[in-house]
Amino acid sequence: MAYWLMKSEPDVYTIDELEESGRDIWRKPIRNYQVRNMLRDDMKVGDEIFFYRSNCKEIGISGIAKVASGPYPDPTQFDNKSHYFDEKSSKDNPRWISVDVEFVRKLSRTITLAEIRAEKSLEGMILTRKGNRLSVTPVNEKHWHKILSLE
DNA sequence: GCCAACGTTGGC
DNA sequence: GCCAACGTTGGC
């Protein structure tokens with residue numbers, strides 16, 4: 001059982017949308033090989049996820065979700081009208097995957113990136129590492145509980 | 001809107 | 001296989 005942090009911009013996908021559907025494909029398409037490999041090889045059904053809001057006014061963790069399926073081909077890669085269309089991908093040999101996620105709960109407030117940075121015991125999180133650009137990162141158990149204790 | 005930092009592409 | 005040019009991410 002592992003923990004993850006997954007980023008999405010509010011204009012693409014939010015915790016509120018996941019709450020509404022209850023369970024859904026992770027709607028922020030992954031287009032990074034390192035992230036794809038983590039989803040494919042390391043992410044397991046039942047793993048817990050921090051839902052992180054990036055590229056917006058209030059940056060931080062807004063809720064909790066759970067991995068609800070194994071990896072499967074991300075449909076947007078085949079959709080030539082989608083911004084995420086990938087002409088080099090085929091149904092026989094899909095390049096990009098996603099997983100289903102299940103709503104767990106919203107946090108009572110957003111735990112901001114600034115707070116996370118300020119917290120000494122959260123040093124070493126991949127999230128706050130200089131130059132990190134991964135939209136999905138593993139979170140260790142200590143960090144997971146520490147962040148929840150800030151809520 | 002700016003820009004640092006990184007990933008990807010493609011010519012050679 | 002190198003690397004310059006370009007694209008993207010995402011905080012500020």
Most 5' of A:K88 and A:N32 on DNA chain B, judged by nearest nucleotide: A:N32
Given DNA chain C, 5'-ward residue of the pair A:C56 and A:H83, judged by closest heavy atom: A:H83
Would you mind reading off the distance between A:R31 atom CZ and C:dC6 atom C1', rounded to a whole angstrom? 19 Å
Side-chain contact check for A:N55: nearest option of C:dG10, B:dG7, B:dT9 is C:dG10
Between P on C:dT8 and CD on A:Q34, what's the gap in Å once rounded to a whole number? 19 Å
Please examine the side chains of A:R27 and A:V12, heavy atoms only from C-beta on, and report whether any two atoms are closer than 4.5 Å. no
Result block: side-chain N/O donor-acceptor pairs under 3.5 angstrom for residues 47-55 of chain A, not counting sequence neighbours:
residue, atom, partner, partner atom, Å
A:D47, OD1, A:A2, N, 2.9
A:D47, OD2, A:W4, NE1, 2.9
A:D47, OD2, A:K44, N, 3.0
A:R53, NH2, A:E58, O, 3.3

Between the side chain of A:S98 and the main-chain N/O of A:W26, is any donor-acceptor distance below 3.5 Å? yes
Choose from B:dT9, C:dG11, B:dG7 the nucleotide whose nearest atom is closest to any side-chain atom of A:R95. B:dT9
Starting from the C-alpha separation in whole Å, work towards a yes-or-no answer on side-chain hydrogen bond (donor to acceptor under 3.5 Å, both in side chains) for A:D74 and A:T76. CA-CA 6 Å; A:D74 165 10; A:T76 63; 2.9 Å; yes
Select base, sugar-phosphate, or nothing to describe what A:R117 touches, counting heavy atoms under 4.0 Å on all strands. sugar-phosphate
Could you tell me the separation between the NZ atom of A:K130 and the C1' atom of C:dC12, rounded to a whole number of Å? 15 Å
Roughly how many Å is it from CG in A:L113 to P in C:dG10, rounded to a whole number? 11 Å
Tell me the interatomic distance from A:D86, atom CG, to B:dT8, atom C1', rounded to whole angstroms. 12 Å
Base, sugar-phosphate alone, or nothing: which one does A:L134 contact when heavy atoms must sit under 4.0 Å apart? sugar-phosphate
Could you tell me if the ring centre of A:Y72 sits under 6.0 Å from that of A:W96? no
Is A:K57 touching bases, backbone alone, or none of the nucleic acid, heavy atoms closer than 4.0 Å? nothing
Tell me: OH of A:Y84 to C1' of C:dT9, nearest whole Å? 11 Å
Spacing of A:I30 atom CD1 relative to C:dT9 atom P, expressed in whole Å: 11 Å
To the nearest angstrom, how far is A:Y52 atom OH from C:dT9 atom P? 15 Å
